[in-house]
Amino acid sequence: MRDLVNHVVVGNLWAAELASGSTIEAVGDRFDGDQLGVDAVGAFDASAEVAAAAFEAPGALDAPCAVSYGPVPGSVYAGHRLIDVLVHGWDVAVATGQPAVLEADLVAACAEVIQPQIEILRASGMFGPEPDGRLPEDPQARLLVVLGRDPEASG
């Protein structure tokens, strides 16, 4: 669980740097290893704040971000961060026995990001394979299946 939370925190820290115009080379190995320290919640909160501030800066959503999968507009990268944080939030909730119902507007926003990019996202290896059969009608269940999750795992 700690590794998963660290992954999200590291992703947020990277987003803050890359959305602010930095490059992968400039960041280097600064975020390798444990970024949670003794206060995982505080580390998460701080990382979310710096990532949000970077994406909220004037022009940030239009500026290119030099991510590992090529330069993309900040709006695309922000969408990818939304997906990562939301789905891993679901993962943490399920793993810890907490309610795993996602906010409907966040599910809709993630689906909107994913839909035009699904083949590219699947090709990255970070998403599950194309689901077999018909997708669930429920928006959250559909999103989870598309992301390679089992919606039944949430109870």
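The first residue in the sequence is number 1, and the count goes up from there. Below, each value reflects all heavy atoms present in this structure, side chains not excepted, and no hydrogens, waters or symmetry copies.
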Side chains of [X] and [Y]: closer than 4.5 Å at any heavy-atom pair?
{"X": "N6", "Y": "L4", "result": "no"}
{"X": "P73", "Y": "D62", "result": "no"}
{"X": "L143", "Y": "L86", "result": "yes"}
{"X": "V9", "Y": "F31", "result": "no"}
{"X": "R134", "Y": "V145", "result": "no"}
{"X": "E17", "Y": "L13", "result": "no"}
{"X": "V146", "Y": "I114", "result": "yes"}
{"X": "L61", "Y": "Y77", "result": "no"}

In Å, rounded to the nearest 0.5 Å, how long is the span from [atom1] of [X] to [atom2] of [Y]?
{"X": "H88", "Y": "H7", "atom1": "NE2", "atom2": "NE2", "answer": "3.5 Å"}
{"X": "T96", "Y": "Q98", "atom1": "OG1", "atom2": "CD", "answer": "3.5 Å"}
{"X": "I83", "Y": "E112", "atom1": "CD1", "atom2": "CD", "answer": "11.0 Å"}
{"X": "D3", "Y": "D34", "atom1": "CG", "atom2": "CG", "answer": "8.5 Å"}
{"X": "L82", "Y": "F55", "atom1": "CG", "atom2": "CZ", "answer": "10.0 Å"}

Distance-minimising heavy-atom pair for [X] and [Y]:
{"X": "R30", "Y": "Q35", "value": "O-NE2, 3.8 Å"}
{"X": "M1", "Y": "A95", "value": "CE-CB, 3.0 Å"}
{"X": "L18", "Y": "C65", "value": "O-SG, 3.8 Å"}
{"X": "A15", "Y": "A54", "value": "O-CB, 4.3 Å"}
{"X": "R149", "Y": "P151", "value": "O-CD, 3.3 Å"}
{"X": "S22", "Y": "V27", "value": "OG-CG2, 3.7 Å"}

Starting from [Y], can I reach [X] by hopping between I/L/V/M/F/W/Y residues whose side chains sit under 4.5 Å apart?
{"X": "V107", "Y": "L147", "result": "yes"}
{"X": "V87", "Y": "I118", "result": "yes"}
{"X": "V76", "Y": "V113", "result": "no"}
{"X": "V5", "Y": "V10", "result": "yes"}
{"X": "W90", "Y": "L106", "result": "yes"}

Where do R81 and V8 land on the side chain to side chain contact (heavy atoms under 4.5 Å, CB included) test, with the steps shown first? CA-CA 9 Å; R81 289 302 310 140; V8 173; 4.3 Å; yes
Verdict with supporting geometry, F44 and N12, side chain to side chain contact (heavy atoms under 4.5 Å, CB included): CA-CA 8 Å; F44 173 82; N12 287 342; 4.1 Å; yes
Is R2 atom CZ crowded by more than 12 heavy atoms from other residues, nucleotides or ligands, each under 6.0 Å away?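 Correct, the count exceeds 12.
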Main chain of L102, side chain of Q140: is a donor-acceptor contact present, judged purely on distance under 3.5 Å?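 Side chain of Q140 to backbone of L102, a donor-acceptor pair under 3.5 Å: yes, one is there.
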If we ignore hydrogens and angles and just use 3.5 Å, is the side chain of R142 paired with the main-chain N or O of L135 as donor and acceptor?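 Flag not set: sc R142 to bb L135 has no pair under 3.5 Å.
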Can you say whether the rings of H80 and Y69 are parallel (under 30°), tilted (30 to 60°) or perpendicular (over 60°)?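 Plane angle between 30° and 60°, so tilted.
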